[in-house]
Colleague: 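I am attaching a structure below and will ask some questions about it afterwards.
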Amino acid sequence: MSNVHKQIEHLRSEIRKHDYLYYVLNAPQITDRQYDKLFAELKELEKQHPELITPDSPTQRVSEKPIEGFAVVRHTTPMLSIDNTYSADELRAFDQRVRKGIGSSHYSFVVELKIDGLAISLRYESGRLVQGATRGDGETGDDVTNNVRTIKSIPLLLCDNPPDVLEVRGEVYMPKKAFAELNEQRQQQDLPLFANPRNAAAGSLKLLDANITATRKLAFFAYELGEASNEISSSHFETLQKLKTFGLPVNPHSARAEDIDEVIKICGQWEKKRYDLEYQIDGMVIKIDRPAQREILGYTGRSPKWCISYKFAAEQARTKVLSIDVQVGKSGILTPVANLEPVLLAGTTVKRASLHNFDEIQRLDVRVGDTVIIEKAGEIIPQVVEVETKQRDLSGSRPFEPPEHCPVCGSRPQKDPSGVYIRCVNPDCPAQLKERLRYFAGRDQMDIENLGSALIEQLVDGGLVKNFADLYKLTAGQLAKLERMGIKSATNVIKGIAESKTRPVSRLIAALGIRHVGIQNAEILAEHFGSLEKLMQSSLEELQSIEQIGPVMAQSIYEYFRNEKNVKVIKALIDAGLKTTERKKLDSDRLAGKTFVLTGTLPNYARSEVEKMIKANGGKAASSVSKNTDFVIAGAEAGSKLEKAQQLGIKIISESEFLKMIK
Ligand code: IVH
């Protein structure tokens with residue numbers, strides 16, 4: 001093994017070790033920064049030596065291009081469901097059934113958290129992750145291997161001598177924090193919100209583009225075995241500990257219980273403590289510990305008789321609707337929000353609840369003064385689930401009417417084409433402007449320090465700021481005259497605004513608030529066009545041709561830059577000296593002046609990655625073969641492009657020949 005090879009293997013095993021410490025043992029030994037450094041070092045070495053890249057390298061979690069659809073996987077042993085119970089009495093009845101089934105011998109239980117995500121089966125062969133599949137109907141599921149590979153807590157390679165074949169079942173879930181962040185992002189992009197972390201996890205895992213799954217911060221806990229080439233232990237509890245030594249994340253709160261009273265006690269404790277966890281659980285799972293006893297008990301229909309779930313009741317609270325506000329979002333969507341009599345629910349005091357849209361208000365018939373039942377969607381976002389109409393004071397109450405005017409600018413709102421939303425379409429509505437400015441200055445966009453909501457409010461109301469570009473014309477003198485603002489804080493704000501001029505162009509694109517374009521898409525656009533000016537001039541066809549940009553987004557971007565007002569503001573931003581180009585550092589200019597076309601499936605790299613390498617070395621990647629093409633890189637099942645290249649006598653090369661060209 002060469003020195004470089006050894007160094008690469010060393011870095012990989014270090015990274016795997018730290019992944020294990022972080023994701024499985026929850027006990028990191030190095031800082032994120034140190035970890036990122038190891039990762040960057042490995043990436044650099046692999047870049048210099050692409051022939052040494054292996055699929056189980058920590059850098060290769062995402063390498064696939066979007067797929068057309070999921071293949072079907074037949075589970076080697078069926079993935080069963082569990083019967084539910086809702087009370088201590090029902091748990092005792094379960095215990096009675098078990099006792100009858102097993103007879104006089106002693107049995108113990110394992111009590112686990114019921115993670116609210118979706119069930120997945122992972123197949124490892126010789127320690128390597130070879131397949132990930134959803135539960136589906138229990139017999140067959142979807143092959144989601146590409147997607148599960150992107151989940152950092154799922155090891156690509158097991159350690160400590162695992163069986164040759166090991167199928168692990170467990171739950172893919174989205175931690176509460178990641179769920180809240182994802183929904184916040186989606187709200188800013190006018191995308192429909194996920195109702196709870198489980199839907200968000202399922203939606204993220206079933207994406208055809210694993211690149212997007214990789215951004216979704218999913219996690220995993222292993223809790224059962226499927227097929228295994230040899231028995232791991234004669235106790236489930238010990239099997240779980242063993243899975244942990246193989247490098248798999250196992251929930252740390254699983255506990256053995258010797259009798260049903262202990263089980264009930266543990267369930268009760270978690271019912272209260274569940275809000276302290278970083279992920280959502282919807283109950284507990286109670287299992288018989290010994291596999292031999294499980295076998296005696298057997299199955300009924302699709303669920304085992306050795307396992308039962310105890311489902312928590314969704315926590316609810318009763319309160320009163322004090323008033324209903326209509327809020328105006330950055331794209332003008334009017335959202336009704338109920339102001340509530342403050343009430344404690346699932347660990348926090350709730351004062352407001354979203355009513356989503358006006359159809360929802362009508363469906364529930366929520367009225368001011370009503371007594372309502374609220375619940376937290378995914379334990380996080382409070383929402384009204386029921387109105388106690390019997391409690392209604394008949395004399396005064398009237399159905400809530402959708403507003404005929406924007407509550408802020410007074411203009412007439414319009415129904416969205418989807419028919420669900422009502423939108424204020426006045427581009428000068430100060431409420432929208434405020435929201436857009438807040439977004440523009442936000443942490444993930446231009447990150448303007450000290451430009452908070454209250455100041456934006458003053459700036460817009462005082463007529464000092466009418467668009468993004470006006471921010472860059474402000475002076476400390478002007479700001480110092482505002483209420484609650486001294487010269488020192490005024491200077492700080494101006495400094496923050498000035499500093500934002502050098503943000504990467506991707507952030508500026510995101511900050512414009514083009515409908516459907518969030519930071520990830522903004523990065524794709526910045527990468528593709530290299531400058532804001534080029535993006536502005538792009539044709540609709542070019543936007544549509546970008547792999548990750550869908551037709552709706554392409555249309556929205558195109559229209560945004562056809563709006564004269566928008567263009568005027570952007571020109572003023574450019575005049576103010578904001579950075580609008582992404583100066584790409586080239587790896588080399590070895591491919592300068594050469595045009596490449598890719599066809600077929602390449603053995604190691606996704607097409608988009610090879611295109612990146614071409615560009616990074618000064619070359620051009622084109623989509624169709626012509627006499628201007630210098631090279632065609634052909635992989636398996638190459639089609640008409642290959643034929644055309646042969647006809648035109650263009651040089652055809654393989655992926656490895658290409659890699660040699662840039663080495
Ligand atoms: S055991 C035959 N253990 O709950 C038993 N399931 O409602 C197979 N779940 O489909 C599952 N946490 O998706 C088991 N600790 C846990 C679990 C768990 C969550 C999910 C799983 C299952 C569903 C049944």
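Counting starts at 1 for both ligands and their atoms, in listed order.
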Colleague: Taking distance alone, with N or O pairs closer than 3.5 Å, would you say Ile115 contacts ligand 1?
Modeller: yes

Colleague: Below 3.5 Å, N or O to N or O, backbone or side chain included: is there any such pair between Glu224 and ligand 1?
Modeller: no

Colleague: Please round to the nearest 0.5 Å and tell me the distance separating atom CD of Gln362 and atom CG of Leu355.
Modeller: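 Output value for this atom pair is 13.0 Å.
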
Colleague: N/O to N/O below 3.5 Å, does that happen between Lys287 and ligand 1?
Modeller: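 Yes - when backbone and side-chain N and O of Lys287 are compared with those of ligand 1, one distance drops under 3.5 Å.
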
Colleague: Name the closest protein heavy atom to atom 15 (N) of ligand 1, giving the residue it belongs to and the distance to 0.1 Å.
Modeller: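 It is Glu112 OE1, 2.8 Å.
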
Colleague: What about the rings of Phe221 and Tyr279, do their centers lie closer together than 6.0 Å?
Modeller: yes

Colleague: Look up atom NE2 in His516 and atom CE in Met553, then write down how far apart they are to the nearest 0.5 Å.
Modeller: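 One gets 8.0 Å once the value is rounded to the nearest 0.5 Å.
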
Colleague: Evaluating non-hydrogen atoms only, which member of Tyr299, Tyr223, Tyr173 is closest to atom 14 (C) of ligand 1?
Modeller: Tyr223

Colleague: Minimum distance, heavy atoms only, to atom 7 (O) of ligand 1: which one of His253, Lys311, Arg294, Lys114 is it?
Modeller: Lys114

Colleague: Give yes or no for whether the N/O distance cutoff of 3.5 Å, strictly under, is met between Leu113 and ligand 1.
Modeller: yes

Colleague: Decide yes or no on salt bridge (charged side-chain N to carboxylate O under 4.0 Å, His left out) for Glu360 and Arg363, but give the supporting numbers first.
Modeller: CA-CA 5 Å; Glu360 177 75 0; Arg363 188 182 68 78; 3.1 Å; yes

Colleague: Any donor-acceptor pair under 3.5 Å linking the side-chain atoms of Arg216 with those of Thr150?
Modeller: no

Colleague: In the protein, what heavy atom is nearest to atom 2 (C) of ligand 1, and what distance, to one decimal place, separates them?
Modeller: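 Looking at atom 2 (C) of ligand 1, the protein heavy atom closest to it is Pro304 CG, 3.5 Å.
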
Colleague: Looking at atom 10 (O) of ligand 1, what's its closest protein heavy atom, distance included?
Modeller: Ala119 CB, 4.1 Å

Colleague: For residues Glu112 and His236, is any side-chain donor paired with an opposing acceptor at under 3.5 Å?
Modeller: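 Yes - a donor-acceptor pair under 3.5 Å links their side chains.
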
Colleague: Give a yes/no verdict on a cation-pi contact between Arg186 and Phe194, requiring under 6.0 Å between NZ or CZ and the six-membered ring centre and an angle within 45° of the axis.
Modeller: yes

Colleague: Check whether the ring centres of Tyr22 and Tyr20 lie less than 6.0 Å apart, and answer yes or no.
Modeller: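 No, the ring centres sit 6.0 Å or more apart.
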
Colleague: How far is atom 13 (O) of ligand 1 from its nearest protein heavy atom, and which residue and atom is that?
Modeller: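 Heavy-atom neighbour on the protein nearest atom 13 (O) of ligand 1: Glu171 OE1, 2.6 Å.
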
Colleague: What protein heavy atom is closest to atom 8 (C) of ligand 1, reported as residue, atom name and distance in Å?
Modeller: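 Protein heavy atom at minimum distance: Leu80 O, 4.1 Å.
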
